[in-house]
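Accompanying notes for the structure given below.
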Amino acid sequence: MKTYPVFRLTIFMAAGILFANTFWTGIGVVQLVCLLLLLLGMGFGLKTSSYGTRWLFGAGASCFMFLVGAIGTGIAWNKVKVDWGTERKAYVGVIQESVQEKPKTYQCKVSTSGKEVLIYLPKDSLSASLNVGDELFFYTRIDSPRNREELQTFDYATFLYHEGVSGTAFVAADAWKKLPNDKHVDWKIRAAQIRERILRKYEEWGMGAAQLPVLSALTLGYQGDLDKETREAYSVAGIAHVLALSGMHIGIIWLLLNGLFRLFLKNRLKWVKGMVVVGLLWIFAFVVGLEASVVRAVIMCMLMEISRLAGVRHLSMNTLSVAAFFMLLYNPFYLFDVGFQLSFVAVASILFLYPLINACLTVKNRVVKWIWGILSVSIAAQLGTAPLVMYYFSNFSVYFLFANLVASVLVPLIIYGTVAMVLLSGIPGLHAYAVMIVNELVGGLNGLAGWTSDLPYATFSISIISPIEIGVFYLTLGWWVIYGRTKRRKCLIGGLVSLACLLGIHLFLLISFL
């Protein structure tokens, strides 16, 4: 912990967020006074602290961050919770995201009265023509989010609140109309409109029906057109993560931008190059909707650019913690985003586990060394995220190593091919060739997912896994990592005891559910 001070502060802030989300959603004067007194106490401790009482400052700082997380969560809950009343009312709202087609309705995320609401419109020619930025007048009763009967094990209401949705409503066909929209729209809608135009261009350029949804997810983070079969195939194959924009995608784009600028600028104007690269990455993050995993990756790339300019070229746990700290400070609900959790845990696992796994095999051949490096990264990420994957999705892929090895080659080619496809859009001959290549590459990725998912015993399901098991699993993993680095016998004993506790807890849960 002493080696990673930012990580320690972030952990205590996350604990405050969890506490407030579970037990407390209001902000009182007492909490604010306690926060102020802790702040003053920390300042006084800095001035008068001695060696014997140095732990008081650490304890005060930890409590301070716990309260920061708790109060931030209370503020977030106050913003999202609304008493809409029980009567039907007239509202005016602007569509914030691409309209999603459901079996019987169209779902629109609308901003009205400063809050975001999901409204459902019957399918007809008018609702089918709606786009991002359209202003609607509608008359309905908005209800606070509530759980669905068919989702007995999933807290759907809390999920919507964490996504910033304050209400839901069904609007009859004769109870809404589109208004002439000549008002100024904010940057979020502008970004969503840009993404929607690019999606239309993909379709106009002749992307295949099976390739278009996957390419939209890979490059723009839009998953609204992905069907259940495609999602299932990618999940069983162990490469579902490529369909959600994350650090891998941002890293590929970051390497491309750095390569292009290095080609033209070489060693000149390093600071200008760094600022331009980071600026372009943030523009991309805005266009794809500021997804938690994308924001994390862009922040880390920004920190890496700053570190490289300062002469430091490696990624550390403190860099990852800084990204998590500021994201949670901005929006405490990021902590409950599955993409956020998987993204950070995967990177942390790679940081700690990759050196140990990669050192297990000494390879001199460059090609074999490159393959082993990719496999080591995949093993580290999969091992670290395994309990979360099993907890949220109740399955684990058997052939993830093979699938990820092939996907790690195809995904960069698809992204670079898409960039070429966009840049060559004004040159018909070359553009058609680029579209054909991207179609083939995405088709190959789809084929990989389908073929792997059809293999015997491609996945196994685990229906019983609890949060306490996740905690004990990471405790066990932590002991083994420390033992791998220090070779201390106490760490080995701690790892074995933790593993025995994990197996005992799981056995107890299995017996309890029989």
State the [atom1]-[atom2] distance between [X] and [Y], to the nearest 0.5 angstrom.
X	Y	atom1	atom2	value
I142	L118	CD1	CG	10.5 Å
W372	I379	CH2	CD1	4.5 Å
M421	L215	CE	CG	5.5 Å

F333 vs H162 aromatic rings, parallel, tilted or perpendicular, using cut-offs 30° and 60°?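 Aromatic pair F333/H162 classed tilted.
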
Taking the six-membered ring for Trp, are W480 and Y483 parallel (under 30°), tilted (30 to 60°) or perpendicular (over 60°)?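 Plane angle over 60°, so perpendicular.
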
Centroid separation under 6.0 Å, is that true for the rings of F340 and F344?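 They qualify: ring centres under 6.0 Å apart.
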
Any side-chain heavy-atom pair from V338 and Y391 closer than 4.5 angstrom?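 No, every pair of side-chain atoms sits at 4.5 Å or beyond.
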
Results of side chain to side chain donor-acceptor pair (under 3.5 Å) for [X] - residues two or more places apart only:
X	value
D143	R141
Q211	none
T158	D155
Y120	Q107

Looking at A173, is its backbone amide N or carbonyl O close enough to the side chain of D124 to form a donor-acceptor pair, meaning the two atoms are under 3.5 Å apart?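 No.
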
Closest heavy-atom pair and its distance - T476, G495: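 Reported closest heavy-atom pair: CG2-O, 3.6 Å.
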
Set of residues satisfying salt bridge (charged side-chain N to carboxylate O under 4.0 Å, His left out) with respect to E204, sequence neighbours excluded: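 Here the qualifying residues are K201.
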
Distance-only check: which donor-acceptor pairs under 3.5 Å involve side-chain atoms of residues 435-445, not counting sequence neighbours?
{"residue": "N439", "atom": "OD1", "partner": "G208", "partner atom": "N", "Å": "3.0"}
{"residue": "N439", "atom": "ND2", "partner": "G206", "partner atom": "O", "Å": "3.3"}

